[in-house]
Amino acid sequence: QVQLVESGGGLVQAGGSLRRSCVASGNIQSRHVMGWYRQAPGKQRELIAASANYRTNYADSIKGRFTIARDYAKDTVYLQMNSLKPEDTAVYYCYITTDRDYWGQGTQVTVSS
């Protein structure tokens with residue numbers, strides 16, 4: 001079993017920044033993927049950033065504005081969100097894929113115009 005605890009997020013004005021973090025604990029295999037999804041109202045969950053083996057991938061919708069970072073020693077993943085837009089408003093979830101997929105509790109991020 002793996003547990004994920006998220007922090008950060010909240011309300012910000014357009015153009016602002018937020019930082020999210022997610023700490024994993026439990027039975028984490030050496031080869032694993034950590035990243036972030038988001039789900040906006042009325043939309044499907046969207047994979048926005050993933051990190052594994054010191055490589056990263058981003059969705060086109062956030063490329064150049066968001067940055068994923070890892071602290072492998074602490075099993076922690078971060079999401080730095082800059083130049084936020086109202087369309088970034090969503091619930092953001094961290095995840096880890098190890099023996100299977102695990103999800104954080106999700107946190108609302110609201111960007112006001």
Side-chain angles (χ1 to χ4, degrees):
Q1 280 284 25
V2 175
Q3 295 77 42
L4 295 170
V5 177
E6 302 178 28
S7 60
L11 174 65
V12 66
Q13 288 187 334
S17 298
L18 285 172
R19 186 176 188 243
R20 304 224 50 228
S21 62
C22 175
V23 181
S25 62
N27 186 21
I28 301 169
Q29 297 177 353
S30 58
R31 296 175 65 88
H32 61 271
V33 181
M34 291 190 79
W36 298 90
Y37 277 80
R38 70 182 181 185
Q39 188 165 21
K43 295 187 177 181
Q44 290 188 331
R45 191 172 290 190
E46 175 190 20
L47 175 62
I48 57 171
S51 174
N53 298 321
Y54 300 93
R55 294 184 177 183
T56 59
N57 285 292
Y58 296 97
D60 288 342
S61 59
I62 57 91
K63 198 172 292 184
R65 299 186 297 120
F66 292 10
T67 303
I68 187 171
R70 294 283 303 274
D71 184 333
Y72 286 87
K74 297 181 179 180
D75 290 322
T76 300
V77 63
Y78 303 95
L79 185 68
Q80 178 66 42
M81 303 182 285
N82 298 329
S83 302
L84 283 159
K85 304 175 181 179
E87 51 263 44
D88 293 319
T89 295
V91 178
Y92 285 70
Y93 301 87
C94 75
Y95 79 96
I96 183 170
T97 299
T98 174
D99 61 319
R100 64 174 179 85
D101 293 341
Y102 297 87
W103 297 89
Q105 75 272 22
T107 301
Q108 177 70 42
V109 171
T110 301
V111 184
S112 63
S113 58

I would like to know whether Y95 and Y37 meet ring-ring contact (aromatic ring centres under 6.0 Å, His included); could you show each step before the answer? CA-CA 8 Å; Y95 79 96; Y37 277 80; 5.2 Å; yes

If we only count heavy atoms from C-beta on, is the D99 to Q29 side-chain gap below 4.5 Å? yes

Test item: I68 and M34 side chains (from C-beta on) under 4.5 Å apart, heavy atoms: no

Using a 4.5 Å cut-off on heavy atoms from C-beta on, say whether the side chain of Y78 contacts that of D71. yes

To the nearest 0.5 Å, atom CZ of R65 lies from atom CG of L84 at 6.5 Å

Could you tell me whether R70 sits above the aromatic face of Y54, with NZ or CZ closer than 6.0 angstrom to the six-membered ring centre and within 45 degrees of the axis? no

Roughly how far, to the nearest 0.5 Å, is the OG atom of S113 from the NZ atom of K85? 14.0 Å

Which residue pairs satisfy the disulfide bond (SG atoms under 2.5 Å apart) criterion with at least one member in residues 39-102, sequence neighbours excluded? C22-C94

Same cluster for V33 and V77 if Ile/Leu/Val/Met/Phe/Trp/Tyr side chains link at under 4.5 Å? no

For the OH atom of Y102 and the CG atom of N27, what is their distance to the nearest 0.5 Å? 7.0 Å

Determine whether R38 and S61 make a side-chain contact, defined as any pair of heavy atoms from C-beta on separated by less than 4.5 Å. yes

Any carboxylate oxygen within less than 4.0 angstrom of a Lys/Arg side-chain nitrogen, looking at K63 and D60? yes

Minimum side-chain heavy-atom gap D88-M81 below 4.5 Å: no

Determine, for Y93 and R45, whether the Lys NZ or Arg CZ falls below 6.0 Å from the six-membered ring centre while staying within 45 degrees of the axis. yes

Mind checking whether L4 and I96 have side chains closer than 4.5 Å, heavy atoms only? yes

Is it the case that atom CD in Q44 sees more than 12 heavy atoms from other parts of the structure closer than 6.0 Å? no

Restricting to non-hydrogen atoms, name the atom on N82 and the atom on S17 that form the minimum distance, rounded to 0.1 Å. OD1-OG, 2.9 Å

Name the orientation class of the two ring planes belonging to H32 and Y72 (parallel below 30°, tilted from 30 to 60°, perpendicular beyond 60°). tilted

Just so I know, are the side chains of T89 and Q108 near enough to count as touching, which here means a heavy-atom distance under 4.5 Å? yes

When hydrophobic residues are tied together by side-chain contacts of less than 4.5 Å, even through go-betweens, does V91 share a cluster with W103? yes

Check whether more than 12 heavy atoms from other residues, nucleotides or ligands sit under 6.0 Å from atom CZ of R100, and answer yes or no. yes

As a test of understanding, state which of I62, L47, L79 forms a side chain to side chain contact (heavy atoms under 4.5 Å, CB included) with W36. L79

Locate the shortest heavy-atom distance separating Q1 from Q3; write the atom from each residue and the value. CB-NE2, 3.8 Å

